[in-house]
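Everything quoted here is computed from the prediction, not taken from an experiment. Atoms considered below: every heavy atom in the structure, side chains included; atoms not considered: hydrogens, waters and symmetry mates.
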Amino acid sequence: MASTNFRPLHDRVVVKRVESEEKTKGGIIIPDTAKEKPAEGEIIAVGPGVRDDKGALVALDVKVGDRVLFGKWSGTEVKLDGVDLLIMKEADIMGVIG
């Protein structure tokens, strides 16, 4: 994806959802209206981190390019440069894949 001019603040990340499968394992084609939005995505931007009690910057555990799993209702959906993205806090991410 081309780089965007958007930089998230604090402990927020920008995630692009990965596309879900068009068919089930048994070969049944799933129509768009019945598909669930995937809870897996790729991080395309990260904020600088949060400040601890002493004012020191604590960096995020995730980085650009990580594939992550997140909650079904996590984040705020936005459209930047014609691409549907999610902005969420790092705490909404359940884990990194791979």
Using a 4.5 Å cut-off on heavy atoms from C-beta on, say whether the side chain of [Y] contacts that of [X].
| X | Y | result |
| --- | --- | --- |
| L86 | R17 | yes |
| I93 | V13 | yes |
| I44 | V15 | no |

Could you give the distance from [atom1] ([X]) to [atom2] ([Y]), rounded to the nearest 0.5 Å?
| X | Y | atom1 | atom2 | answer |
| --- | --- | --- | --- | --- |
| K16 | L80 | NZ | CG | 12.0 Å |
| D92 | E90 | CG | CD | 10.0 Å |
| M94 | L69 | CE | CG | 6.0 Å |

TODO: Decide yes or no on side-chain contact (heavy atoms from CB on, under 4.5 Å) for V46 and V62, but give the supporting numbers first.
DONE: CA-CA 8 Å; V46 296; V62 294; 4.3 Å; yes

Task: Exam field: side chain D81 to backbone V83, donor-acceptor pair closer than 3.5 Å - done: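 A pair under 3.5 Å: no.
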
Task: side-chain contact (heavy atoms from CB on, under 4.5 Å) between F6 and I87, intermediate numbers included - done: CA-CA 11 Å; F6 183 81; I87 300 173; 3.5 Å; yes

- [ ] Check whether V96 and L60 end up in the same hydrophobic cluster, where Ile, Leu, Val, Met, Phe, Trp and Tyr are linked by side-chain heavy atoms less than 4.5 Å apart.
- [x]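 Same hydrophobic cluster.
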
Open item on the list: So that I can tick it off, tell me whether K63 and D66 are bridged by a salt bridge, with the cut-off set at under 4.0 angstrom between side-chain N and carboxylate O.
Closed with: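 Answer for the salt bridge query: yes.
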
Task: Short N-O contact, E40 and R67, less than 4.0 angstrom - done: yes

Open item on the list: Which heavy atom of P8 sits nearest to which heavy atom of A45, and what is that distance?
Closed with: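 Heavy atoms of P8 and A45 come nearest at CD-CB, 3.8 Å.
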
